[in-house]
Structure formats: C-alpha cells, structure tokens
S.K.: 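Starting off with a structure, shown below.
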Amino acid sequence: MPKARKRLLINGLVQGVGFRPFVYQLAQRLQLHGFVRNQSEGVLIEVEGETEELRAFQSALVQEAPALSYIISIQTEDIAPSGEKGFTIDASTSHAVPSTFILPDIAVCDDCLAEMLDPGDRRYGYAFISCTQCGPRFTISHHLPYDRPNTTMAPFILCERCRREYKDPHDRRFHAQTNACVDCGPQLWLCDHQGHRLVTKDPIAQSISLLAQGKIIAVRGLGGFHLAVDARNNAAVQTLRQRKGRAEKPFAIMVRDLSVAETLCEINDAERKWLLHHTRPIVLLRKKNHADVAPAVAPNNAFLGIMLPYTPLHHLLLQKLDCLVMTSGNFSEEPIACGNEEALSRLAAMADYFLLHDREILQRCDDSIIRVIGDEPRLLRRARGFVPRPIFLNKPLQKPVLACGGELKNTIALSRGNAVFLSQHLGDLDNPLTLQHFEATIAYFKQLLQIEPEIIAHDLHPDYLATQWALRQKHKTLVAVQHHHAHLAAVLAENGFAGPAIGLILDGTGYGSDGTIWGGEVLIGQASGYRRFACLEPVAMPGSTAAIRQPWRMALSYLIHAYGEEYRKLDLPMLRTRDHKIVHQMIAQKINSPLTSSCGRLFDGVAALLGLRDEVHFEAQAAIELEMLALDQNGNPLKEAIYPPTADGAIPIKPLIRALVEGLQNKVSATQLAADFHVTLAELFLKAIEAARQQTDIHCVALSGGVFQNSVFTPYMEEILRQADFSVLTHKLVPCNDGGIALGQIAVADAIMHKSLYRS
Ligand code: ZN
Ligand code: ZN
Ligand code: FE
C-alpha cells in the first residue's frame, strides 16, 4: 500500500486549548505516524499513513476540534514519507512559542467536576480544580504568553503530583497552567463583614448554612464578587435590594442544574444549549406561572435571568440550596469588586459574610447575558466567557486602533491585524469608579495583548467622558465616529459584510452630526461613510435627561407633537395627575428641551401614555414593561398610522400617537395597544426601508441599537423584512446595544484612514 505524508499548518485559536492532545489522540485512533508541535504561526502537524486515513484525519481535525478552539485556516502540503514510526507531541518548543491569544475564562468541565465529586479522588471537594479545558484564563493573566508565571497562579508552586501531571503529554493536565490541588493551590476561608476570620473546618458548609438562614454572602468568584442570597427567601432578597440601592432592576439567579431551571422557566433547545455552553452566560428565560422564586428577584418582569454554576466553588455552594440570587458585588451601577480588601471595604454594608480565596483577580469581569430571539443568540452583555476572544474581520486593518466606545454600557476595543479584541462590559461612564475601570481596562488590554494603538476612535459626543479621555491622549491620530454609524459598522463587521447596507439603527441616545439627539435612524452606508436617509420625526425632550428618568414628560411631548394646544382637551389619566403646564411651557419656549428622533424615547413615552409608569428606576424600565405587556397579545398594525417618510426624510409619528390615544378613548385595553404599537412601529420602519431600497437598489438591511433587545419588536421586524425580500443582518455575539459600538468605531476609523491614505 502506498504511504503518504502531509504537513498541516493550523492557524487560529489553537494554542492552550488542548489542541495537541486532541491531535495526538486522533492520530492514534487512525494509526497515523508523525508529530504535532506549537509554533509561532500556529500548530504544525506532520502525519504519515494510508491516504484514506489521512483524509479522515483532515476532516476530523475540523469536525472534532476542541470546543474552545477556533480554526481560521489550514494550509496543507504533500511531503515525502519518512517511514517514521509512532506519533509524538513535540513539547520541546512549546515554551518558546507565545500564542498571540488569551482565552476567556471557561466553566469547569465535566471531567474536573466528576473528580471533584468523587470521594476517592485526590481533588475531592477542591474548589479550584481545573485542567486544559477549563478554569480561569483572562481574569488571571498579566500578559502574553499565557504561561503560569504570567498569571496570578505564579505564587502557587506545583506540588510533586501536580508537576507530574503538568509534564506528562498524555495527561489531561499537560501544560494546564492553572493546575493545582489542595496541597499546593488556592485556598478558601470565611470572614464576617469586619474581616474577622471564622473558625471553621469547612467554609463551604458554613456558607451554605448561613445562606439557608437568609444571610447575604459576598462570594469571590472568577471575575469578581457576587452577592449571594437564597432566591426563595423574599425577605432576604428585599434586604439585599435595600442594601445594594437597587429598587427594581431584576437580579440574576444561579440554579444547581438544568432540571432546577426547568422547574422555574420555559426553556427551548437553543436556550438549553446556551445555559449549558462553556461560556455559561445568564440566559433570559420566560418565567413559568407560579415559579418557586421570591417575587423580589424580578418584579414586573416575565423573564428570569438564570445561569448554571460555572466554577467548582459554585457547584459546591449549590449542593443544598438549589437556587441563589447571584448579583454583581457592587453598589448600584459601580464596577464589580474583585480584591479581598477592596470587597471588605466596598461591600461591608451589603454582605453579612465574605467567602474569600487567595487567587488574585486581575481584571473585573461580570457575567455575560444572553437572550435567544428567533432561535438565535443575542448577547446583551458581553463579558465573562467571551472576552477576550477576538472578533475576526474580513481583512487585516492597517494600523492598530483603540476604540473608546460610548457612554452607557461602555466597552473598549483594541485591534491587531484582522482581530478585534472587544473588552468586557465596563458599565456606564457616569461615575468616577467606572471611569477608573475604563482607564485601567485600556491599560490592561494594551499590556495583556501587547498592542500599542496608533489611532484612537471615539464618539462624536463632545461631553462623553470617553471622548474627553481620547482628546487628552497625545501623539495619536484621533477619529470621531457618529454613534449610529458605529452601530451600523458594528453589525456589518460582526457579519463579515462590507456593505453598503440599509441600517435600521434604533436606540435611546446618540449624538447626531447635526448636534441633535438621534436614535430612530434609517442610514445608508458602510464603514467608510453613511448618509441619513430617514428618521423618526424629532420631538422635544423637555428637561433633557429628566425626560429619560420621567417618561411621562416624553408622553406629553408626543401629545403636543400630535395635537398641538388641543392636547389639553384630551381625557387622559396622565394629564390629570401630572403638572403638565410647566413642562408644556418648557417645550413651547424651547427651554432645556433638545430635539430627539430617539426610538427608545418613543417606547418610554408610549409606556407612560398607556399608564404603565411615569418614572423609571433603571434604564429602559418603561420600555421593558411595555414589551412585557405585549408579550402574549397578537398585535394588529394600526393601518391609519403607517406612512412612508416625507420628502425631508421624517418618518411620521403623529398618526401613530393619535391612533393610540383614540384606542385609549375607545377603551381598547393597554395590553392590546402595547401589542399594536410594536407591530405598527415595525411596519412604519418597513415603509422607510422600502423607500430606501427603491432609491438605492440595496437589498440588505442591518439591524443594530438597544431597541433590538426587545423580544416582541425584533422577531416581527426581522420577519416582515424577510417577507419583503430583504436580506437581514443582525447582531448575535456582539451586543446590539452600546456594548457593541467600539467594534464599529474600529471599523470606521480604519476605513476612514484608508480613504485619507488614498487621497494623499
Ligand atoms: Zn477541567
Ligand atoms: Zn498540587
Ligand atoms: Fe446606541
């Protein structure tokens, strides 16, 4: 039989993910000879054997690759057979070859879990068990390459047994940088809120019994602290709300396993997959009627944010109580606490006890949040499990770019070649701690990935703290990017599509190129440029940001927009309870009442108009309650409200407001009107997009902006676009909200620099 030999060079995220042991086992199975080796361009393999087996090897290489790996390309070459016998993992060069990537933190794998729960195993009950397939990565790494001395595992000197595992190419802990055991690795202890250590042999059992008594425990995890409390104990959850300064925003819960989650929520296949995914995000799931969970966990919300345990410690903690609130260890919207001393000072007023450990956390990283809409994942908060996995662009960028992101849900991004590293969710840049976190994250990413950016992209808004930070940087080329253009470029980049496309960009706030506030936009363009084809008719925001906190002001503004002075004659509860005359004057005299085409404000205003709430406690609360109201009701488009944009590109909303008011006056239920509003708005945008197609012959629509987090509006919008023969691009693993715009800023900055290079 003729033998053949192939050389394969595999490029991508293939180092530090157990790729070499996988190749070794595959070669053994197919009785092939040769070797596998890490080198700077990726993983190099030479295999020799029967052509049939070689073919099987190549296809299995792609199909069975470790879950954590990501293959970008495989270069294959036929070389002369050497008659080599056996297959080896060539470990000699592994230390000399730094991988250019660092993995995200990974949920504990099944093998480690089985060992931890096996009383006969030497790691029985050990809360820091890990291997090459699981454990912390990003949050413990100082810089590349990913090697134990460059992580916070450095102070833990491997014991003899752990060292043997680390050195054995056939062991599943071969080169596991986080390898540890109870003799040599990190340890746990329990403190009271003053930092006094509790005398206990078993801090986990003690924690469980404290939780069962309704106590709040700050638990040090992977990317920071959680505040944990029994999720079935309403009084305890209420106490946590008071102490945390969080009135109504839902808490996430962690449940023991999938079967517990099934008792609380309706879960479809796609959602189940994400609950169990090694990234272990919080998944927003539809709550079952009479779900056994404290009402204070998620008031006025039909969904629960559920995650499964992702560290060995979580699995141990959930052995008795099967359902815990696990919310970020912070006050209100501040960054999550991550250091022991820091937590003891910042969380002392919130937690009764502290479950601490001595493996330092270098980067704060919250839990990620995902929602499945139309069977597709929509990442709403991209953090643990996903960061710093790069987003690969179609072509390499010319120079490294740093993008500063927006103001709310800020993330930053850094690029190298065709890889964009989008940071974890950092929070709203409106408090000093988040600004510090923002600056520290930029420094950390530059150091971690060893990238020095030459270009800095920032938002057009002059007052954003991120913009001001960018303007202070010396010796860099600055590129200002319009907010909704960044949204459009982000969704194009995520989908690897160069454009042009029609962008439907719907969100709360973004600084427009004309100085007004945008947010209900139909744009046409791509990364290198755009034009504003149409937008929602601008209305006044009386009191500016006060109109965001008090949606009734927006409702009044829409009423005045639709009825003029006649609005006073309307018989609406809001007009009876609120002092609308002063706000009316503000609008009439244009006092602190900037114009906005925002779609988020329209949702807020309609929620207030339908009597849902006049004021909000957290961002988008009114819009979310409007969505909740519409969830189970079939909406009917209000035909009298659907018009194409006018010649000046305004999408008319007067008829929509009038139709809703008429409905109210005809005693149509708020539930029905909420549902009708969602679908009518979508039909309005469809009209505008069809007009854009007619003018440009562009058939691709790209959807971005925070409004697409809405699980009623989004599937309907996508459906009617497809029915009208548009191809539809959506966000999946990059947030549609402002957490994704740093990616778009990078794409725009590069495209604009490219244009100016051509010109000069
Ligand atoms: Zn493992
Ligand atoms: Zn050990
Ligand atoms: Fe936005």
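When a ligand or atom number is given, it counts from 1 through the structure's own listing order.
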S.K.: In Asp738, the N, O or S atom nearest to the Fe ion (ligand 3) is which?
M.R.: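 For Asp738, the N/O/S atom sitting closest to the Fe ion (ligand 3) is OD1.
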S.K.: For the Fe ion (ligand 3), give me the closest N/O/S atom belonging to Asp507, just the atom name.
M.R.: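 Considering only N, O and S atoms, Asp507 comes nearest to the Fe ion (ligand 3) through OD2.
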S.K.: At the Zn ion (ligand 2), what's the angle from Cys159 SG to Cys181 SG, rounded to 10 degrees?
M.R.: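 Output for this angle: 100°, rounded to tens.
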S.K.: Flag the pair Asp171 and Arg164 as a salt bridge only when some basic side-chain nitrogen lies within less than 4.0 angstrom of an acidic carboxylate oxygen.
M.R.: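 Answer for the salt bridge query: no.
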S.K.: Could you grab the angle centred on the Zn ion (ligand 1), going from SG in Cys131 to SG in Cys112, to 10°?
M.R.: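 Once rounded, the angle between the two atoms at the Zn ion (ligand 1) is 110°.
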S.K.: Closer than 4.0 angstrom, basic N to acidic O: yes or no for Arg384 and Asp367?
M.R.: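 Answer for the salt bridge query: yes.
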S.K.: With the Fe ion (ligand 3) at the centre, find the angle made by NE2 from His487 and NE2 from His483, to 10°.
M.R.: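 Vertex at the Fe ion (ligand 3): approximately 100°.
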S.K.: Between Glu165 and Arg123, does any NZ, NE, NH1 or NH2 come within less than 4.0 Å of an OD or OE carboxylate oxygen?
M.R.: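 Salt bridge: yes.
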S.K.: Salt-bridged, Arg378 to Glu718, with N to O below 4.0 Å?
M.R.: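 Counted as a salt bridge, because a side-chain N and a carboxylate O are separated by less than 4.0 Å.
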S.K.: Roughly, to 10 degrees, what angle do Cys184 atom SG and Cys162 atom SG form around the Zn ion (ligand 2)?
M.R.: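 Cys184 SG and Cys162 SG form an angle of 110° at the Zn ion (ligand 2).
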S.K.: If you stand at the Zn ion (ligand 1) and look out to SG of Cys134 and SG of Cys109, what angle do those two lines make, to 10°?
M.R.: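 The SG/SG angle about the Zn ion (ligand 1) sits at 120°.
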S.K.: Short check: any N/O/S atom of His484 below 2.8 Å from the Fe ion (ligand 3)?
M.R.: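 No, outside the cut-off.
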S.K.: Is Arg173 paired with Glu115 through a side-chain N to carboxylate O contact shorter than 4.0 Å?
M.R.: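 The answer is yes: the pair qualifies as a salt bridge.
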S.K.: Stepwise, does the side-chain contact (heavy atoms from CB on, under 4.5 Å) test hold for Leu729 with Phe497?
M.R.: CA-CA 9 Å; Leu729 301 179; Phe497 182 61; 3.6 Å; yes
